[in-house]
Amino acid sequence: MAENLSNLEVSTIAIAESVADLKKRTDKFEKGIADSVNALVEESVKSSIKKVGNDNTSMPQDIVASVDEKGRLNLNGKPSDVSIVTPTKISEEIGRALGSIDTPSLILEEQTKFEGLQSAEYAKIAIEKGRFYIEDALPSDLRKKVFDGYYRKNVSKKDAIAIVRHIQNWYDKLPSNVFITSRGGYFPVTKNIEYKPEYYGADGRQVTVGGITLTVNGQQPCISFHHSIYNTFDFSRAEFCVEEMGQDAFHLCDKSHGNIIIHGGKVTTRAYEKYGYKSGMADPDKRWVPHIDGWTVEAPHIGSGMSLKGVVAFGYNTTTYAHDLARYMNNSCDTSKVRSPENFNLEKQKELYLQESRQRFLSGGGYFNKDGVSAFPQSDGTTSPEWGIWHGGQIWSRGYGWRLFDCRNNEVKFFDVRGFTGGAVVCGLNGSPSGEDVQPGEVAVAIEKGCVAINTRITGGYFTHNYTCGVEAIRVIGYELCGIYAPDSVVGHPDAHIEHVRGWNNSIISLDPGYQQCTSRYLPMSYIYIHDNIFGLGKRKVMDIHTGNNVRLINNFGIAMYYGISTVIEEIFASKDGRAGNIADPYSFFYQDSNIEIMGNIIVSGFIGIHPINGATGVLARRSKNQWWLRCRQLIADNTVYAPRGLMCNYGHNHFIIDRNQFTFALPFGPFFGMHQVSGITVTNGGSGYTSEPEVIITGGGSEAFGAVGQAKIKDGKVVEIIVRRDGSRYTEIPTVTITGGGGSGATATASINTQTYGMLVGAEAKYGTMLATQVRANYVQNSPAGNYARQIVFGHMKASSIVGNHCDITPYSSLTKSRGKVGQPYVSESIKYRDGLLSGAFYSGEFDTCEVAGNFIHNQLSNISTVWYGKTKDGSIHKKHEPLGWFDYLVQTKIDEWTAEFAKINNKITELIAELEKSKPAA
């Protein structure tokens with residue numbers, strides 16, 4: 001991504017053009033010199049005449065004029081007091097000027113004079129032209145420092161607050177329909193405390209939520225473009241550095257409408273400027289964000305994946321803390337003294353976690369030291385039992401370059417935002433501008449309180465090295481995102497790893513956050529159109545739709561470490577009454593349907609490519625409670641996916657259309673956690689005498705195996721079950737299970753291992769019911785030089801669905817050693833990482849109730865054999881029930897039924913005749 005030209009570069013180019021033009025006019029210029037010399041000579045002659053009177057004999061007869069190397073005028077060889085400016089002199093002076101540290105400010109001051117004449121005329125000329133420069137708001141000393149780039153290396157909080165207040169006061173007096181811009185410079189900005197408390201809230205409020213009281217201050221950004229009407233902003237020549245983390249640079253809000261942001265400026269944070277995109281690999285006092293909980297330099301693949309955004313017992317518990325923090329912004333809520341209650345050590349929190357006790361939400365988080373007590377990292381390199389602050393910001397607070405809310409009909413054309421804990425551009429608020437709670441489903445209240453961005457277009461921009469995301473929508477109606485070109489962008493934690501995991505029960509991969517694009521789970525969220533973007537790497541996801549209706553994700557590219565594209569179909573996120581889930585939101589889900597299109601995207605993912613089920617449980621759960629459910633139309637078509645798990649669609653909602661996609665095996669970030677796992681532990685001898693749960697120790701499993709955890713359950717003094725609490729990773733061999741302690745002896749158990757990769761997983765798990773009216777058509781699954789899928793298309797429970805025209809290409813890739821081949825031969829790979837030379841399972845598992853199955857094929861290109869699949873696996877037919885699906889089938893089935901009935905009659909008649917014959921036999 002090319003950088004914007006600096007002010008100095010722009011000015012130098014302009015000077016060069018001026019010099020070139022000057023040279024073209026040298027002849028005219030020299031004639032001007034001659035005329036000037038003649039005038040001076042004439043003046044000199046007149047002066048001489050005055051001195052000598054009318055004595056013509058005293059008049060000089062011949063005067064010779066010349067200019068020396070210093071530019072002085074010589075008359076008859078004698079220097080005068082007159083200096084002449086020549087083209088050579090200009091070139092020398094330009095060269096001298098460009099070497100001066102004062103050049104930027106001098107050039108810009110001259111430019112200012114040229115455009116606006118004197119400073120006293122600025123306002124008058126700006127009004128006449130409709131063009132306003134933010135630096136004109138500053139007194140001369142601050143303006144000079146801004147122009148000179150003084151604040152790039154010199155931090156002054158005093159100057160920063162003065163700068164934002166001068167600019168804010170200046171903006172507050174501007175008329176509407178003007179052009180707001182900058183000639184350039186480096187602006188340090190900071191929170192404009194106490195500004196508009198009637199809008200952003202007053203300082204020092206005591207707010208109690210969840211039984212916890214915290215101090216809440218105003219929620220001001222650095223600069224607020226409030227009530228901006230039909231203005232145009234262009235900060236392409238300016239740079240803005242936010243002095244503290246967790247702080248928004250700009251707001252466009254308060255009934256703003258009709259604005260165009262041509263360029264939002266290059267916006268960054270002081271911590272990022274100072275330390276770069278570094279965490280654990282840097283010294284503890286030189287980290288942009290805190291290291292990941294559990295991460296070490298020696299074992300970077302082991303960790304919880306949690307840091308500033310954490311949950312109970314992992315990282316800082318900023319997302320599930322009893323005092324809901326989502327309603328706040330801009331470091332308004334003081335959480336510096338937050339800590340876990342007494343005795344909330346590692347073991348206590350693990351116990352509460354497994355019990356699913358609500359007490360766990362009182363936890364401050366994890367970061368447990370060797371004694372099992374929380375020791376939260378501080379930005380000075382120390383640790384503390386309290387959260388503290390991080391580079392001037394509150395731990396929970398997410399800062400953004402631009403935040404748009406309480407506005408409509410605005411367009412953002414470009415921006416360059418880096419190094420924020422939030423992201424580049426966000427639309428909407430969770431809570432009100434002053435920090436009042438507005439529940440996710442309270443759409444009318446959200447609109448009234450000014451939380452919603454309506455009809456927003458973002459048509460370009462660049463971002464990288466933000467912690468949470470690139471671009472985000474929190475509450476929107478009408479939202480378009482396109483034209484992002486950031487293939488080298490990286491978003492998320494610097495130390496994130498595909499084997500990071502959290503939890504003690506059915507543990508899951510934990511990479512959070514890190515979204516190239518995302519939405520919240522707050523309403524309204526409707527009419528979302530995200531298309532034609534070239535995204536970079538999202539450490540968590542490329543695109544995430546946490547809720548929303550009438551959503552279109554079309555023709556995007558991106559790379560994800562975890563999920564490529566994830567969408568949600570979930571009633572509690574579509575309800576006016578939130579988790580009660582009884583009343584559908586009338587704004588986004590009036591018809592109780594969910595319409596989402598995922599089309600034409602190219603996704604590379606380290607875990608799952610497309611994940612259209614995020615957070616859902618399905619129809620069965622709603623039906624059992626006699627509650628309404630979302631009718632789904634989710635179109636997943638023409639996507640190209642490279643991932644170890646291409647598509648995961650196994651919950652119980654209905655009407656998915658999965659059409660013409662291609663899924664190719666890939667491991668872009670190496671093995672994910674659980675790819676080679678301990679899938680179960682079987683008790684082979686219960687032993688005796690156990691009075692408490694014994695410890696389960698799992699050893700071996702391969703040279704790199706780690707992480708599997710089992711928990712024993714006892715009854716009547718015996719070990720009756722071992723639950724796999726964490727399935728572990730890199731288990732390529734069966735590990736050894738040892739049972740020790742608990743007061744007993746003799747218990748033994750054996751482990752089993754498994755690997756789980758697939759191109760497509762479609763159909764509900766049994767606990768979620770069935771997937772109704774789903775069409776799986778013309779999809780293609782294949783292996784790659786990176787490895788071979790274990791299974792290609794896996795089915796769950798499906799009803800009244802069509803599985804037509806799908807292809808499983810099970811042709812395996814092999815290494816040079818395995819194949820005994822050479823590079824360049826078909827299906828020979830130098831880089832294979834997984835299942836070397838092994839065929840993939842084609843169509844696997846499933847239960848079909850009245851489903852159409854036709855035209856599905858299995859290919860092996862090495863043997864040049866293709867076979868048809870009719871719905872039969874190694875376990876037999878998966879057709880639970882079958883009905884005729886066409887008129888011809890119906891006629892055939894009808895005839896079969898007739899023949900079956902006739903055969904039954906004949907069989908009955910034969911049975912009757914045999915019985916009569918038996919009766920007619922004479923008695924023995």
Side-chain angles (χ1 to χ4, degrees), residues 200-201 205 207-219 221 245-248 251 306-312 314-335 338 358 360-365 387 393-400 403-406 420-423 426-443 445-447 449-453 466-469 472-476 512-515 518-525 540 544-548 568 570 572-573 575 577-579 585 614-615:
Y200 286 114
R205 291 169 285 165
V207 179
T208 302
V209 179
I212 298 173
T213 300
L214 297 172
T215 300
V216 178
N217 298 307
Q219 302 205 124
M245 297 290 267
Q247 183 67 34
D248 298 342
H251 282 181
M306 304 267 93
S307 177
L308 291 173
K309 182 181 179 182
V311 295
V312 171
F314 302 98
Y316 303 84
N317 181 22
T318 53
T319 57
T320 62
Y321 192 51
H323 189 124
D324 174 36
L325 300 170
R327 69 190 68 184
Y328 306 123
M329 62 177 171
N330 288 326
N331 297 312
S332 60
C333 182
D334 184 359
T335 58
V338 167
R358 294 198 62 81
R360 69 188 190 277
F361 299 127
L362 299 173
S363 164
W387 282 5
Q394 298 293 331
I395 292 296
W396 58 270
S397 189
R398 305 288 173 257
Y400 296 81
R403 189 187 292 263
L404 285 66
F405 59 94
D406 194 13
F420 280 78
T421 51
V426 61
C427 295
L429 298 176
N430 300 100
S432 76
S434 63
E436 298 171 284
D437 181 36
V438 181
Q439 286 294 304
E442 294 180 335
V443 176
V445 176
I447 294 173
K449 295 286 187 181
C451 304
V452 184
N466 297 309
Y467 175 69
T468 301
C469 66
E472 182 177 3
I474 293 178
R475 295 187 195 257
V476 298
D512 200 2
Y515 309 86
C518 63
T519 69
S520 75
R521 287 177 171 165
Y522 284 65
L523 299 174
M525 189 70 66
R540 183 168 174 83
D544 194 7
I545 305 299
H546 280 104
T547 190
V568 172
E570 176 59 270
I572 64 172
F573 301 140
S575 296
D577 51 350
R579 291 195 173 274
D585 165 47
N614 186 1

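Remember, predicted model here, so these are calculated numbers, not experimental data.
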Which atoms form the tightest heavy-atom contact between [X] and [Y], and what is the distance?
| X | Y | result |
| --- | --- | --- |
| His546 | Thr519 | ND1-O, 2.5 Å |
| Asp324 | Val209 | N-CG1, 3.7 Å |
| Asp437 | Gln439 | OD2-NE2, 2.8 Å |
| Leu325 | Cys333 | CD2-SG, 4.1 Å |
| Gly428 | Ala453 | N-CB, 4.2 Å |
| Gly450 | Pro433 | O-CG, 4.1 Å |

How long is the gap from [atom1] on [X] to [atom2] on [Y], to the nearest 0.5 Å?
| X | Y | atom1 | atom2 | answer |
| --- | --- | --- | --- | --- |
| Ile545 | Arg521 | CD1 | CZ | 12.0 Å |
| Ser397 | Asn330 | OG | CG | 6.0 Å |
| Leu429 | Tyr522 | CG | OH | 11.0 Å |
| Leu362 | Asn317 | CG | CG | 9.5 Å |

Among Ile395, Val338, Thr335, the one residue meeting side-chain contact (heavy atoms from CB on, under 4.5 Å) with Tyr316: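 Of the listed residues Ile395, Val338, Thr335, the side-chain contact (heavy atoms from CB on, under 4.5 Å) partner of Tyr316 is Ile395.
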Under 3.5 Å, side chain of [X] to main-chain N/O of [Y], donor-acceptor pair present?
| X | Y | answer |
| --- | --- | --- |
| Thr319 | Gly310 | yes |
| Thr421 | Gly399 | yes |
| Ser332 | Val216 | no |
| Arg475 | Leu523 | yes |
| Asn466 | Gly423 | no |
| Arg398 | Met329 | no |
| Tyr467 | Lys309 | yes |
| Asn331 | Met245 | yes |
| Thr208 | Gly211 | no |

Should [X] and [Y] count as side-chain neighbours, where that means a heavy-atom distance under 4.5 Å?
| X | Y | answer |
| --- | --- | --- |
| Tyr321 | Ile212 | yes |
| Val438 | Arg327 | no |
| Leu308 | Thr318 | no |
| Ile474 | Arg403 | yes |
| Arg205 | Asn217 | no |
| Gln394 | Asp334 | yes |

Any donor-acceptor N or O pair under 3.5 Å, side chains Glu472, Tyr400: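 Yes, because at least one side-chain N or O of Glu472 sits under 3.5 Å from a partner of the opposite role on Tyr400.
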Parallel, tilted or perpendicular: ring planes of Tyr200 versus His251, cut at 30 and 60 degrees: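 If you compare the ring of Tyr200 with that of His251, the planes turn out tilted.
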Ring geometry between Tyr328 and His323 (parallel below 30°, tilted from 30 to 60°, perpendicular above 60°):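 Answer is tilted, since the angle falls between 30° and 60°.
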